Structures are given as structure tokens and as C-alpha cells.
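Predicted model only: the values in this text are computed from it and were never measured. Counting starts at 1 for both ligands and their atoms, in listed order.
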Amino acid sequence: MARPKPAAKAPKVRKAQLTHTVGDFEAAFWPDESPVDNAVVMTMGALHEGHAALIRAARKEVGPEGRVAVTVFVNPLQFAPSEDLDRYPRSLAADVRLAEEHGADVVFAPLPEEVYPNGTPQVRLSAGPMGERFEGATRPGHFDGVLTVVAKLLHITDPDYAFFGEKDAQQLAIIQRMVADLDFDVEVIGVPTIRETDGLALSSRNRYLSETERTQALALSRALFAGRDVAAKGPAAVREAAAQVLAEADGIDLDYLALIDPHDFVEAPDDFQGEAVLAVAAKVGSTRLIDNVRLQVR
Ligand code: AMP
């Protein structure tokens, strides 16, 4: 009699566990003492393909046996009173599904009272001068709020790796600097920006845009690509090409367009050469959008 064929090895079905308290998170993220690599992806929820790319990168880094945590927390500290804290999109059930599909083991979605049990923290981290330019000029205190929650979530999750998107280039640079300056024992890894096929950078805030505004918003990535196309001609040509696209665009209320030296996140001098970030921030209708590209300036 023929032997039955061995069953094909079933693909590992990963179930992500949803936790809301630090205690439950810790029990889920460290079920035993096994020495595996672990990684965290911090988000404000309303997850999309950009977040998915971070989660996949985290899974790839730690391998199939490693652990990946996704945090979902809309951090009140990084919103000014005039900003969109109350209307920020929330979709936790869908977020857990997306996180799970792309390789997360645990989702940590705490309430503000869990993260800040003593109320608004009296002691906060300061992003220093790097946090006062560009985004920081329009959003005073924003990066102090970001660093404070990132530091707390690094303490809670204690990862080997933390993944952040290049989409928020200034945030990534400041977090890398915090980790270096304050000796955090974690490797911060940046992940390239995911875009729609027409160039629009994915963002949770895109869902605020009307159809017309969405079309108008394409001028931002168009301007960045136009600048990148002339990177070989130097900083002045890059700035001019990008500014030209924005000047001809409808419905764009420009905050800044800047060619930035990514090291200290300062405006690149006119004779700058090397890797730079061309960044733009603008309001389209009532929605504030940011975007950037990396380019080699010569
Ligand atoms: P947020 O939920 O907007 O705070 O974003 C959480 C993380 O996802 C941050 O590290 C962002 O930089 C990153 N991220 C957001 N949008 C994108 C995108 N389109 N491509 C890559 N990463 C992104």
C-alpha cells in the first residue's frame, strides 16, 4: 500500500495580539525568555501601505522567529490645540488586521491615561534647535512631544530595532539624533516613502482631501521630482525647478520648500554637494501635508 504523502508544510499563520495596557503588552511581547530579535513600528493608526512597508521591513530584519510590535497611539502631546487631534482618523480593528497581515505579533494601542498615568508629563524631552526649524517652526513643541512619546515607547517595548518612515524626514533625523545623543540602546532604521502610482505620498491625512484637493496635492510630489531631476545642476537649480512647479499650481498654500542637509537638518548652503533632502509642506484646503525626496546634489 502506498504511503500517504507527507502534508505540505502549512504557511505560518500569524495572529497579532491586541493589547491596551503595558502589563498585557509585556506579557504578549515577551511570552518567554527566548533570545530573539525584536522590532517596533510606532504609528498613530489609520494604517496604510506606508505603515505596511515599515512592518514588513521590521519582520524581514528580525526573521520569522523574531517579534514585531506595532504601537497605535495618537499622542496628544504632539498636537497643538488648533490641530486635528480630535478628528484624527481612528480605525483600530482594520489596523490590527493590516498589522497582522504584514507580520506583526503584537499591537499595543494604549489610552492616553495608560501612557501618561500622572497626567500631562511635567518633564519632557527637548528636540533642541533641530526641532525648531521647518516643521518645528510651524508646529512649536511638536518634536518635543514626539520625542517624549518615542522615548517612553522605546522604554516600554525595549526593541533591538525601531523603524520610522523617511516620509517624516525631520522626525527620523531627530529621533536618530536622540538615540545617538542620549545613548538609547536601539538601532533606528529609516524606510523609503511609499507613494500612490501618481506620486502622492501615502498619509493618514490624505483621507481628509476632497477629489479636487487630492488632484491639487499632486503638485507637491511633482515639485519634488522636478527638483530631483536637476540635482546634478546644483542647489540653486533644484530650488528653482521645484519652486516653479509650486508657483504654477492651484490650491497650494505653501508653508516651506527647502533643500536640507540631512545631517543637522539645516538649509543646505548654495555650494552644497552630496545627499540632501528636498522637503515641502503646504496646506491643501484645510489639510496640511508634508512630503520630501532624497537626492544627490552636485
Ligand atoms: P504616522 O502614523 O503618520 O505617525 O506614521 C507612523 C510611521 O509611518 C512614521 O514613521 C511615518 O514616517 C511612517 N509613514 C507614514 N507614511 C508613510 C509612507 N507613505 N511611506 C513610508 N512610511 C510612512
Please determine if [X] has a nitrogen or oxygen closer than 3.5 Å to a nitrogen or oxygen of ligand 1.
| X | answer |
| --- | --- |
| Leu54 | no |
| Met42 | no |
| Asp168 | yes |
| His51 | yes |
| Leu202 | yes |

May I ask you to test the [X]-[Y] pair for a side-chain heavy-atom distance under 4.5 Å?
| X | Y | answer |
| --- | --- | --- |
| Asp253 | Val284 | no |
| Val186 | Val179 | yes |
| Gln78 | Met44 | yes |

ILVMFWY network linking Leu218 to Val293, side-chain heavy atoms under 4.5 angstrom: no
Cluster check Leu47, Leu202: I/L/V/M/F/W/Y, side chain < 4.5 angstrom: no
Among all protein heavy atoms, pick out the one at the shortest distance from [atom]; state its residue, atom name and that distance to 0.1 Å.
| atom | result |
| --- | --- |
| atom 15 (C) of ligand 1 | His48 CE1, 4.0 Å |
| atom 23 (C) of ligand 1 | Lys167 CB, 3.9 Å |
| atom 10 (O) of ligand 1 | Gly165 N, 2.8 Å |
| atom 20 (N) of ligand 1 | Ile194 N, 2.9 Å |
| atom 4 (O) of ligand 1 | Met44 CG, 3.5 Å |

Contacting atoms of ligand 1, where contact means under 4.0 angstrom from a heavy atom of [X]:
| X | answer |
| --- | --- |
| Pro192 | 21 (C) |
| Thr193 | 19 (N), 20 (N), 21 (C) |
| Phe164 | 10 (O) |

Ala46 touching ligand 1 at heavy-atom level, < 4.0 angstrom: no
Glu166 touching ligand 1 at heavy-atom level, < 4.0 angstrom: no
Cation-pi geometry met for Arg87 and Tyr208 (6.0 Å, 45°): yes
Test applied, salt bridge (charged side-chain N to carboxylate O under 4.0 Å, His left out); reference residue, Asp291; option that passes from Arg222, Lys167, Arg228, Arg195: Arg195
Audit row: Phe163, His51, ring pair (Phe, Tyr, Trp, His ring centres under 6.0 Å) steps and yes/no: CA-CA 10 Å; Phe163 287 78; His51 301 109; over 10 Å; no
Parallel, tilted or perpendicular: ring planes of Phe25 versus Phe108, cut at 30 and 60 degrees: tilted
Close aromatic pair by centroid cut-off 6.0 Å: Phe73 and His20: no
Structural part of Glu49 in contact with ligand 1, heavy atom criterion under 4.0 angstrom: neither
